[in-house]
A.B. asks: 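Provided herewith is a single structure, encoded as structure tokens, for subsequent inquiry.
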Number of protein chains: 2
Amino acid sequence: MSSNDDRTTAARIRDAAVGYVGEHGWDRTTSRQIAAEAGVPVGLVNYHFGSKDGLRQACDDWVIAQLAEDKGLILGAGPLPRMDTYIDDHPELRPITEYIAQCMRSGGQVAEHFFERMVELTRDMMALAADGGTFRRYDDPYAAAVILVAYGAGASLFGDTIARLLGGTNLLDTDTYNRYVRTTVEDYTHPLIIDERYLDALDTQDVPPAPAEGDFRKENQ
Amino acid sequence: MSSNDDRTTAARIRDAAVGYVGEHGWDRTTSRQIAAEAGVPVGLVNYHFGSKDGLRQACDDWVIAQLAEDKGLILGAGPLPRMDTYIDDHPELRPITEYIAQCMRSGGQVAEHFFERMVELTRDMMALAADGGTFRRYDDPYAAAVILVAYGAGASLFGDTIARLLGGTNLLDTDTYNRYVRTTVEDYTHPLIIDERYLDALDTQDVPPAPAEGDFRKENQ
DNA sequence: CAAAATGTTGAACATGAGTTCAAACGACGA
DNA sequence: TCGTCGTTTGAACTCATGTTCAACATTTTG
């Protein structure tokens, strides 16, 4: 065991797994890579966790426990890249956020759990902001929070692609970031749909065509 | 070889791969599973495509070619579940849309290509809708399209989770779907942020806190 | 201190997956 | 009919991976 490390061997293996999986995802991670990362022989992984699945379960449980413990973490792992400033102040949390990001891609209980926590938090914050007169109050606040979280997850998962199309290499580069935030805030401040009849139609009759991203039928021109 | 199938063997292997990968993803797909799906022995896969990577490249190229060929496909594979009606009318396209969905999770050139095409189409449709007076005209239409596509991708990737949190099992169930569409249209018709100072601040000084999903600092209460 | 329990090591094993290959098959032209 | 070339077949090979295990080391317990 290395000198300055008061973690137990099992904890070091778990941390190594979270870190490596955060970079490559579970499907591309082998027991030997995790063992090497932790500086232990392969056999120890199964001694402490029974199997690779056991290790995954332990990692999932631990990450979920961290989510419950540290309220800031769920913000730091959240969709808006600006939240990385929180992670910058708490670098020890970065592996967890990356692990969560991997889970959001491949699904599973961590993804579900994180999504749900994110929805709760978003709903509460929207309610607060509505109390303060900054946010609008939705007819269905919970559904609004769910959709907002899904949108944010999309922005987060495709952060690199967004940055590239916006002319940068990293969404946190100043120019790229400003362009992104400017449009995002504009998006949430001024309505995309200026023809109220779409919403009215939903309240009166059954589902009409809903104009939204990537699809629009010019019926009312 | 089965009787009524005028596809070449290579085409049948490719189609089998697209179909199987669409269900399970490349990481969880083996050459033997693809061969079994296509009803051919394993050796034929590498005879026709050189390697598993070669097959993947062929699948990617083919899917991208389909995207260029069939304009409706990019709508059918798009984020809004309502678009599945298009796929219902063209069931032969469903495997492609599911293949694309898998690629959106794991990244790669198909994901990038699809995202870009989606942005182009969204930008054009937003321009059309703006001409028709239905959509607002953005200061930065391209960035708006990029962000809208990312949002839509999030809604698409987390469709099952959204449905579950909205009380259903499938986003296309009438009740769940109505709740989803109602909130989505409301989202795009009425602004979330009703305090214009956030947007104003962006236009005058450097980046202020941007209130959005999952994060809000009560500064202006 | 002795013994037992716990932790650690590295090699060996079994399985599964990608790949290779020699032989068989079938269509087509000489 | 024969030979050739492009396919097809199924087995064998190689390597990586998850797992097991017997031996060794360390810590805890009586």
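Worth knowing before you read on, the calculation uses all heavy atoms, side chains too, and leaves out hydrogens, waters and symmetry mates. Lettering follows sequence order; numbering is per chain, from 1.
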A.B. asks: Just how far, in rounded Å, is P of D:dG18 from CD of A:Gln33?
C.D. replies: 8 Å
A.B. asks: Any idea which of C:dG18, D:dT8, D:dT19 is nearest the B:Thr30 side chain?
C.D. replies: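 For B:Thr30, the side-chain atoms sit closest to C:dG18.
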A.B. asks: Return no unless some side-chain N or O of A:His48 is found under 4.0 Å from OP1 or OP2 of C:dT6.
C.D. replies: no
A.B. asks: Rounded to whole angstrom units, what separation is found between the CG atom of B:Asp27 and the P atom of D:dA16?
C.D. replies: 18 Å
A.B. asks: Hey, does the side chain of B:Ser31 come within less than 4.0 Å of C:dG18's phosphate (OP1/OP2), counting only N and O?
C.D. replies: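 Affirmative; the distance criterion is met.
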A.B. asks: Sub-3.5 Å donor-acceptor pair from the side chain of B:Arg14 to the main-chain atoms of B:Cys59, do we have one?
C.D. replies: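 No; zero donor-acceptor contacts below 3.5 Å.
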A.B. asks: Angle between ring planes, A:Phe158 versus B:Phe115, binned at 30° and 60°: parallel, tilted or perpendicular?
C.D. replies: tilted
A.B. asks: Whether the side chain of B:Arg32 and the base of C:dG16 hold a donor-acceptor pair under 3.5 Å is what I'd like checked.
C.D. replies: no
A.B. asks: Can you work out whether B:Gly43 or A:Gly43 has the more 5'-proximal nearest nucleotide on DNA chain D?
C.D. replies: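 Result of the comparison: B:Gly43.
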A.B. asks: Is there a donor-acceptor pair under 3.5 Å between the side chain of A:His113 and the backbone N or O of A:Gln109?
C.D. replies: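 A pair under 3.5 Å: no.
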A.B. asks: Of all residues at least two apart in sequence or in a different chain, which pass the side chain to side chain contact (heavy atoms under 4.5 Å, CB included) check with B:Ala144?
C.D. replies: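 B:Ala144 satisfies side chain to side chain contact (heavy atoms under 4.5 Å, CB included) with A:Thr183, B:Met126, B:Tyr138 only.
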A.B. asks: Measure the distance from CG on A:Asp53 to C1' on D:dT19 and round it to the nearest whole Å.
C.D. replies: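 Atom CG in A:Asp53 sits about 12 Å away from atom C1' in D:dT19.
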A.B. asks: Which of these nucleotides, D:dG18, D:dT8, C:dG18, is closest to any side-chain atom of B:Thr9?
C.D. replies: D:dT8
A.B. asks: Could you tell me the separation between the CZ atom of A:Arg56 and the P atom of D:dG18, rounded to a whole number of Å?
C.D. replies: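 Going from A:Arg56 (CZ) to D:dG18 (P), I get 13 Å.
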A.B. asks: About how many Å separate CG of B:Asp175 and CG of B:Asn170, when rounded to the nearest 0.5 Å?
C.D. replies: 12.5 Å
A.B. asks: Please report the distance, rounded to the nearest Å, between CG in B:Asn46 and C1' in C:dA17.
C.D. replies: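 It works out to 11 Å between those atoms.
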A.B. asks: Using whole Å, report how far OH of A:Tyr47 lies from C1' of D:dC24.
C.D. replies: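 Those two atoms, OH and C1', are 13 Å apart.
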A.B. asks: From CG of A:Leu44 over to C1' of C:dG7, roughly how many Å is that when rounded to an integer?
C.D. replies: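 Interatomic distance, CG of A:Leu44 to C1' of C:dG7: 7 Å.
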A.B. asks: A:Leu55 CG to D:dT17 C1': how many Å, rounded?
C.D. replies: 14 Å
